[in-house]
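First comes the structure, then the notes that go with it.
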Amino acid sequence: MSVGRAVAVGLFVVGIALGSFTDRLPERLPQIRGGYRVLQGDFHLHTRFSDGFLSPMDVVRCGERQGLDVVGITEHNNLLPSLVARAFSSATGGPIVIAGEEITSRDFHLIALGLHDTISGRSPLPAAIAAVHAQGGVAIAAHPVRRFWSLFQASAAELDGAELMHPIVFRRRSSDQGWSWQDLVEFYQSVHGRPFAAIGSSDYHFFKAVGLCRTFIFADGADEDAVLRALKAGRTVVRDLEGKMYGDPLMVGLLEKEPLPAPAEPSYAPESLLDAVGRTIGWLGLLGLVILGKTRSTRA
Ligand SMILES: [Zn+2]
Ligand SMILES: [Zn+2]
């Protein structure tokens, strides 16, 4: 290797190392409203164990970077990835991971959280919900668009909540192949007179971001059990694209009175002098590699 290329490689490696060293997540202070800790959660995330892209560990890291306190890994009819994610997150000080799965059948999809055993996708909906509850878990109607309504309505008294925010909210035409976001709002609003958790979830597979849609949870602690208790009690709020809030009216009132701090605006600007130096060195190294590499290949 020529001296020039060795210097370029060195600069590039030092740039990457400095960038990694200075890349720190902004500190987030605990948010207390009405005596509850307000946690941000995304309860519907897939991994490469089925039709997703990232590993369970990557999903946990992405959730952390997106300011999530809680992630629910919900693979299709498979609990294992969420257990892997939970072990990884607790070993590395990451977000709370709720073990779960998306119980997936031809007729319905059900988000099951707080499980310790896998539940088959072959069970009819009432049996699936009963199996979730028998494990002390929470059963949430996944993307309840109109074509799933008849089954979900028949079991509405047993459900603990329903997804109200979901990436289908970004679809241009509300009638897109029967995937209308308005259906989710109507289904949530059709359940009255008892706690019923409004859920915002990203149904993350690959293109859109983890945490794109999220749930604000009013928890009496900061662990998996506290999150499950809050969901069972319906102490959640979700916000639509216009900022309108849905969920427990008391909790909505608390957030109206004292909103959560706005997330930091994304920016290309360096965060410190060390960050700026690292970026410059890294780019110089990369530029050197490109130029020197090209010169060599021209000679060859
Ligand atoms: Zn689904
Ligand atoms: Zn899904």
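Keep in mind that the numbers below use all heavy atoms, side chains included, and drop hydrogens, waters and symmetry copies. Note that the structure is a prediction, hence the values are computed from the model and not measured. Counting convention: from 1, in listed order, for ligands and their atoms alike.
Because the distance cut-off is set at 2.8 Å, His46 qualifies as a neighbour of the Zn ion (ligand 2) through one of its N, O or S atoms. In summary, no N, O or S atom of His44 is located under 2.8 Å from the Zn ion (ligand 1). Distance check for Asp203 against the Zn ion (ligand 1): none of its N/O/S atoms falls below 2.8 Å. The Zn ion (ligand 1) has an N, O or S atom of His143 inside 2.8 Å of it.
Within His109, the N/O/S atom positioned nearest the Zn ion (ligand 1) carries the name ND1. The atom of Glu102 that is an N, O or S and sits closest to the Zn ion (ligand 2) is OE1.
Under the 4.5 Å side-chain contact rule for hydrophobic residues, Ile96 and Leu113 share a cluster. The cluster map of Ile, Leu, Val, Met, Phe, Trp and Tyr, joined by side-chain heavy atoms under 4.5 Å apart, puts Tyr36 and Leu39 in different clusters.
More than 12 heavy-atom neighbours from other residues, nucleotides or ligands sit within 6.0 angstrom of CZ on Arg24. Surrounding CZ of Phe170 are more than 12 heavy atoms belonging to other residues, nucleotides or ligands, all under 6.0 Å away.
Here the options are Phe196, Trp181, Tyr246, the test is ring pair (Phe, Tyr, Trp, His ring centres under 6.0 Å), and the partner is Tyr188; only Phe196 passes.
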